[in-house]
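This report refers to the structure that appears directly beneath it.
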Amino acid sequence: MSVAQSSSWTSFLKSIALFNGDLLSLTAPPFILSPTSLCEYSQYWAEHPELLVSPASLNISDEASNSEKSAMAEKRLIAVLKWFISTLRSQYCSRSESMGTEKKPLNPFLGEVFVGKWTGAATGDENAGETVLVSEQVSHHPPVTAYAVLNDKNGVKLQGYNGIKSWISATSINVQQFGHAILEVGPESFLITLPPLHIEGLITASPFVELEGTSYIQSSSGYIAKLDFSGRGYFSGKKNTFKARVFPDLLSSQNKESAICTIAGQWLGKSYITKGGSTPKKTDILFYDAHSPATHLKVKPIEEQHQLESRKAWAKVADAIAKSDYDLIHKEKSLIENSQREMRKKEEESGIPWKARWFDEVDYEQGPDHDAFLNLCNLALLSIKNAPSGTAKKAKHDTGSAKHWRFNREKWDGESEIKV
Ligand SMILES: CCC(=O)OC[C@H](C)CC[C@H]1O[C@H]2C[C@H]3[C@@H]4CC=C5C[C@@H](O)CC[C@]5(C)[C@H]4CC[C@]3(C)[C@H]2[C@@H]1C
């Protein structure tokens with residue numbers, strides 16, 4: 001880093017030490033800016049599309065015995081666990097790998113969208129059918145991105161949304177994730193909760209993400225996976241470490257000895273699996289190797305994109321960032337921010353508030369009373385409120401509204417201006 005950069009970084013660190021607001025609205029030194037909008041991060045849920053659709057092929061005839069059906073449900077949960085682990089490297093390390101350190105994403109404007117697709121071939125084979133990503137910035141203050149990943153041919157639908165709250169500790173930025181993902185595979189559904197994270201390496205101006213805490217994957221079949229994350233300095237001593245245990249149901253998950261299997265290792269590298277509750281070693285069976293290359297989705301050329309699509313909307317800012325032209329970055333960002341302020345003002349005056357294009361905000365306090373999300377939260381005894389992701393029912397944070405963003409397939413099917 002140059003001397004100029006280091007002095008701006010030091011003053012930047014001082015500035016964030018005082019902030020307690022929206023991390024994404026903070027002005028960061030240009031060299032830490034990413035040319036990619038946060039709205040694009042939804043693609044990281046499906047950069048191994050073949051793993052996303054894999055549970056769909058793990059089914060058994062209705063005539064099978066209950067124990068055979070249960071064994072297949074267990075296999076599907078383990079397949080979903082492998083897919084979830086496969087998303088983590090893209091989600092949390094793709095900037096470090098492509099640009100050297102974690103970067104600050106562009107802060108999406110309200111109504112910004114990002115769409116793309118993985119072909120059948122990318123999803124495993126020609127017959128796998130294409131996998132489509134739909135992502136929309138459904139809130140700007142605070143930033144919330146909603147997304148859906150659809151593979152109709154396999155009857156696989158992932159939907160979810162993400163928001164963050166962050167605060168500073170002595171040496172790192174702590175981030176609590178809000179929202180969750182719901183995966184539907186035919187008649188079965190899975191709830192996936194999002195782990196807290198922190199950004200290390202700030203002092204040396206080489207920020208990177210480390211996951212912590214716990215994620216749950218709850219299946220409507222009852223099977224549940226519990227993933228505990230840790231990093232360097234934790235008991236394991238290695239960075240990007242996790243341990244996951246699979247149980248037949250929540251009750252049995254209270255006792256690690258009743259685990260069906262345990263997977264442990266590095267979510268950025270290799271993980272291993274053993275039967276039961278003991279921790280696997282490198283000599284055990286390899287479960288997943290995160291070094292397998294990600295499959296990036298196809299996005300239309302910018303000239304064919306709608307002005308709401310991320311890469312078109314931010315093209316001039318991304319160029320300015322690539323040139324490290326600080327004044328131009330500021331000028332082009334201000335143009336976008338000012339036109340957004342104008343639009344909000346007009347909506348205010350006309351009394352017609354902005355509405356999301358492909359997502360609805362569903363209030364679970366007003367019903368629906370039967371719904372995959374409610375069922376899965378009840379099986380996992382998790383809060384249905386807008387609490388930090390993975391909050392238990394009756395825990396301190398189990399308060400507030402129960403409004404969650406849900407994909408509206410009819411609105412997407414009726415879309416006439418924005419094509420994948
Ligand atoms: C303004 C503070 C600043 O720029 O500090 C510089 C550093 C780059 C650290 C702050 C930024 O770090 C980025 C990491 C981003 C998260 C990465 C991955 C995900 C997963 C995805 O599924 C949802 C979004 C999420 C949680 C990103 C949220 C935004 C984060 C924390 C960026 C920070 C502004």
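Order of listing sets the numbers, starting from 1, for every ligand and every atom in it.
For the residue pair E200 and S172, no side-chain donor N or O sits within less than 3.5 Å of a side-chain acceptor on the partner. T145 and Q137 share a side-chain donor-acceptor pair at under 3.5 Å. N240 and E210 are linked by a side-chain donor-acceptor pair at a separation below 3.5 angstrom, with hydrogens and angles left out of the test. For the 3.5 Å distance criterion, the side chains of N378 and K393 qualify, holding a donor opposite an acceptor. Counting only N and O atoms by type, the side chains of K243 and T279 include a donor and acceptor under 3.5 Å apart. Between the side chains of S135 and S42, at least one donor-acceptor pair of N or O atoms lies under 3.5 Å.
With E184 as the fixed residue, the salt bridge (Lys or Arg N to Asp or Glu O under 4.0 Å) test singles out one of R76, R406, R409, K157: K157. With K345 as the fixed residue, the salt bridge (Lys or Arg N to Asp or Glu O under 4.0 Å) test singles out one of E348, E347, E342: E342.
Of all atoms in ligand 1, numbered sequentially from 1 with element shown, those under 4.0 Å from a heavy atom of L26 are 1 (C). Within ligand 1, counting atoms from 1 as listed, the ones closer than 4.0 Å to a heavy atom of R95 are 17 (C), 18 (C). Within the listing of ligand 1, atoms 4 (O) sit less than 4.0 angstrom from a heavy atom of A28.
When hydrogens are left out, the protein atom nearest atom 29 (C) of ligand 1 is I164 CD1, 4.0 Å; that is the closest non-hydrogen contact. If you check which protein heavy atom lies closest to atom 8 (C) of ligand 1, you get K103 C, 3.5 Å. Remark: minimum distance from atom 19 (C) of ligand 1 to any protein heavy atom is reached at Y92 CE2, 3.8 Å. Counting protein heavy atoms only, atom 9 (C) of ligand 1 is closest to I199 CG2, 3.7 Å. Counting protein heavy atoms only, atom 33 (C) of ligand 1 is closest to L23 CD2, 3.6 Å. Among protein heavy atoms, the minimum distance from atom 6 (C) of ligand 1 is reached at I32 CG1, 3.9 Å. Counting only heavy atoms of the protein, atom 4 (O) of ligand 1 lies nearest to K104 CD, 3.3 Å. The protein non-hydrogen atom at the shortest distance from atom 5 (O) of ligand 1 is F12 CZ, 3.5 Å.
The aromatic rings of W267 and Y92 stand perpendicular to each other, their planes meeting at an angle above 60°, with 30° marking the opposite boundary.
At a heavy-atom cutoff of 4.0 Å, ligand 1 is contacted by the side chain of P105 but not by its backbone. Looking at N162 against ligand 1, only its side chain comes within 4.0 Å, counting heavy atoms.
Note that atom 15 (C) of ligand 1 has no protein non-hydrogen atoms nearby, at separations under 4.0 angstrom. Not a single protein heavy atom sits closer than 4.0 Å to atom 25 (C) of ligand 1.
Within a 6.0 Å sphere centred on NZ of K300, other residues, nucleotides and ligands contribute more than 12 heavy atoms.
Which of E102, Q91, Q177 comes nearest to atom 21 (C) of ligand 1 through a heavy atom is settled by distance: it is Q91.
Not a single heavy atom of Y44 sits less than 4.0 Å from an atom of ligand 1.
Taking P29 as the reference, S8, W9, F12, F31, I32 meet the side-chain contact (heavy atoms from CB on, under 4.5 Å) condition, with sequence neighbours excluded.
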